[in-house]
*Asks:* 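The structure that follows is given in the form of structure tokens.
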2 protein chains.
Amino acid sequence: MKKIKGKLPNVPGFKAGGISCGIKGNKALDLAMIVSDPPATAAGVFTTNRVQSPSVVFSKGSLAMKRKYKAIVVNSGNANACTGPQGMEDCRNVARGVAAELDVSSKQILVASTGIIGVPLPAEKIVTATPQLTQAMSEKGWGNAAKAIMTTDLTQKVAGLSYQRYGKTFSLGGITKGSGMIHPNMATMLGFIVTDVAIRPIALKTALKTAVQKTFNCITVDGDQSTNDCVMIMANGLAGNAELNASTAGYDQFVESLTELCKSLALQIVEDGEGATKFATVRVKGAKSESSAHQVANSVAKSSLFKTALFGEDPNWGRILAAVGYAGVPFNEEEICISLNGLILFQKGLPTKSAGSVALQKKMKAKNIVVEIDLAKGRHEVEVYTCDLSYDYVKINAEYTT
Amino acid sequence: MKKIKGKLPNVPGFKAGGISCGIKGNKALDLAMIVSDPPATAAGVFTTNRVQSPSVVFSKGSLAMKRKYKAIVVNSGNANACTGPQGMEDCRNVARGVAAELDVSSKQILVASTGIIGVPLPAEKIVTATPQLTQAMSEKGWGNAAKAIMTTDLTQKVAGLSYQRYGKTFSLGGITKGSGMIHPNMATMLGFIVTDVAIRPIALKTALKTAVQKTFNCITVDGDQSTNDCVMIMANGLAGNAELNASTAGYDQFVESLTELCKSLALQIVEDGEGATKFATVRVKGAKSESSAHQVANSVAKSSLFKTALFGEDPNWGRILAAVGYAGVPFNEEEICISLNGLILFQKGLPTKSAGSVALQKKMKAKNIVVEIDLAKGRHEVEVYTCDLSYDYVKINAEYTT
């Protein structure tokens, strides 16, 4: 399989960089930028939380105008959330400062923020650091950009891929951050993706939504959802293809590649889940609908009892069945089948011999756990990805602001 | 205030007892019984989990017949869940064994189970121990009964109260268990309540539902809901009042007292929440409906980030607002008001000075935390009770079966 995870984006026309502007202290990287030359078509998917950071409101509003965009500027260490009208003014100031430095209109600048809630954004620190940030931009600056958007993340998260079609090469790349407060529908996660595909804004948005639905919206770390999160994509058209729309030949292949890229980024978030020692895939099949499959998978993937059992390597499969039972989706206890890493544990209404076996205890020691639940009610299938709940999750989150 | 919590039930006609029958090993108490003389009217509220223990199915089915009941027999250490047709046969065998010992019909016996899922119930151990259990029954046996239904509970949970009306004394008492897997709609919790009120079966069921809705259904420890849980009540009529129905004078006072008793029992569960070091009340007011108030309160009370912040005494109020934001209930950021132990932290769309204050840091050190959220959308108010998420919660649940 070709390497996607960890591959630095290499997309014609895009540069990235990350510096320290003093928000975090300790000279930690906390300011990143992605620039496109020429300016790019862009789209975004944003948090569904009713409390939204002015940074989210600003970028969402800007993207609705379907302009060409020059840059995305992202700070970590401060979420610019619950900051009222001043928070919006700070976004405008950041956009103006960056635009002046890049010699474009501030309408071509998108912003994003992550970090602590309720503290005014030190916009002047960002603006003051802009010349230094511009100097730091390069085709190879993705690693620093990925570092500069991290909060409790332990690892930087990047991915890149390319594909061929009709003798042309199309490239995609991206960075993401997120570790806790991770749950479907845009949790505390930022993702920034670039591509040289030429594509119309509406088709780009549809493609992004499709890819996010199957990837970023299928991961959960702790079930908490934040005020800030977004995935944005810029497409600068340098590949030179005829501009794609949703009915063009070539659109499906783009969506497929974008989904592949997003999946790599999303899984990197789960692997780096706060305190995580295990990676779990919860696969629900035989569901009547995709949404009911999601409901069941999320119920298991969110269960604190399932997640602590993973951490303790405790073969407590009854917690899986109990979580399926309270998901609110009808099924028959006699028809359902549950397996873990290939061992069938429950079927025909009863635990199998494997359920109490030494073989199961061994399987629990694996780093990667795949739970499969067949509801025997239909043809829909969904996978949700999560991690275990460990002492370190508690430690990290008990001591976040203090 | 009169003492309710910890007061041993003292209700005419009822005896209780608890012994070890060898399910748990180590001679730990694991079998409890409550007996009424004369046989009592009874009612129950049961788990809404789609996977239900045969013990739940058995007792629910029996109560639907609206008979008079002689006894409730409860084992801990084995949930008799996911045990198929054999599980139901085991319930019948337990009921027959106990009935023979008490010289009544097995139709007058109710059962309940809690413990590990998916292991056949050792019904013969229970039946064999029945003579010893019968010997152990007494008016003062409630402490042992409360101990014998415990699983990961650290403390036994009992409550008792009485009230006067028209010169008569009415008594209520109960025991409960539960510590993890606690969430609204009957989580992993068993509760058994007795009273000497004379009341019709349908009125008794309505009264119990009303009381449970405001008490046991307002607590959450970890958001997990089990396959077994129930609250059952027996009313033997020895107080000698004219039988109550829902429109009788005296019914409301009974419901009020029952609610008071259930609240004491429910709060004892949260106080003993697995690994808990803090007790939190999440009060939502100004809601458009009671259900939307519940939705918001549960969203905060279930948030792992809020609960770890409580444990770490971290004044991270942004997590409260974020959890309100993803509850799915409309509100305006500018109108909402959030306070913690009386300190207003967020209003008019902005954090107050208290939000970053030393005063708040001090308030976080309290054992009891009251979060109040005013949605400014209506007149409904709800309180939900929870505890913090600590290292010990993880420890207890990572090592449960091994």
Side-chain angles (χ1 to χ4, degrees), chain A residues 48-52 79 81-85 116-119 180-181 183 222-227 302-305 308-309 311-319 321-326 329-331 333 346 348-351 355-356 361 389-391 393-402, chain B residues 48-52 79 81-85 116-119 180-181 183 222-227 302-305 308-309 311-319 321-326 329-331 333 346 348-351 355-356 361 389-391 393-402:
Chain A
T48 58
N49 199 305
R50 285 182 191 267
V51 181
Q52 302 199 331
C82 308
T83 46
I116 193 164
I117 292 177
V119 175
M181 221 186 201
H183 196 58
D222 51 16
D224 275 275
Q225 188 197 61
S226 103
T227 53
K302 282 176 64 177
S303 158
S304 294
L305 288 172
T308 47
F311 173 59
E313 303 183 339
D314 183 346
N316 201 334
W317 57 270
R319 293 179 178 173
L321 187 57
V324 173
Y326 63 70
V329 171
F331 64 92
E333 209 176 318
F346 189 86
K348 297 180 187 158
L350 284 172
Q361 288 179 30
L389 171 56
S390 70
Y391 297 135
Y393 176 83
V394 176
K395 186 173 165 64
I396 291 162
N397 286 298
E399 299 172 357
Y400 186 63
T401 63
T402 45
Chain B
T48 58
N49 198 307
R50 286 181 189 268
V51 181
Q52 301 197 334
C82 308
T83 45
I116 192 163
I117 291 178
V119 176
M181 219 185 201
H183 195 58
D222 52 17
D224 275 275
Q225 188 198 60
S226 104
T227 52
K302 280 177 65 176
S303 159
S304 294
L305 288 171
T308 47
F311 173 60
E313 303 184 340
D314 183 345
N316 201 335
W317 57 270
R319 293 178 178 174
L321 187 56
V324 173
Y326 64 70
V329 171
F331 65 92
E333 208 175 317
F346 189 85
K348 296 178 188 158
L350 284 172
Q361 286 178 29
L389 171 55
S390 71
Y391 297 134
Y393 175 84
V394 176
K395 186 173 163 63
I396 292 161
N397 286 298
E399 298 171 359
Y400 186 63
T401 62
T402 46

*Asks:* Under 4.5 Å, counting heavy-atom pairs only, tell me which of B:Ala309, B:Pro330, B:Pro85 racks up the most with chain A.
*Replies:* B:Pro330
*Asks:* Any idea which of A:Gly349, A:Gly118, A:Gly84 has the most non-hydrogen atom pairs under 4.5 angstrom with chain B?
*Replies:* A:Gly118
*Asks:* Which bit of A:Val329 is near chain B, if near means a heavy-atom gap under 4.5 Å: side chain, backbone, both or neither?
*Replies:*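 Backbone only.
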*Asks:* Listed by chain and number, what are the side chain to side chain donor-acceptor pair (under 3.5 Å) partners of B:Thr83, not counting sequence neighbours?
*Replies:*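 Result, side chain to side chain donor-acceptor pair (under 3.5 Å) vs B:Thr83: B:Asn80.
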*Asks:* For B:Thr48 and A:Tyr326: C-alpha separation, side-chain torsions, deciding distance, then whether side chain to side chain contact (heavy atoms under 4.5 Å, CB included) applies.
*Replies:* CA-CA 7 Å; B:Thr48 58; A:Tyr326 63 70; over 6 Å; no
*Asks:* List the steps, then state whether side chain to side chain contact (heavy atoms under 4.5 Å, CB included) holds for B:Leu389 with B:Phe311.
*Replies:* CA-CA 6 Å; B:Leu389 171 55; B:Phe311 173 60; 5.8 Å; no
*Asks:* For B:Ala79, which residues count as a side-chain contact (heavy atoms from CB on, under 4.5 Å) partner, sequence neighbours excluded?
*Replies:*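 Applying side-chain contact (heavy atoms from CB on, under 4.5 Å) to B:Ala79 gives B:Ala81, B:Ile117, B:Asn228.
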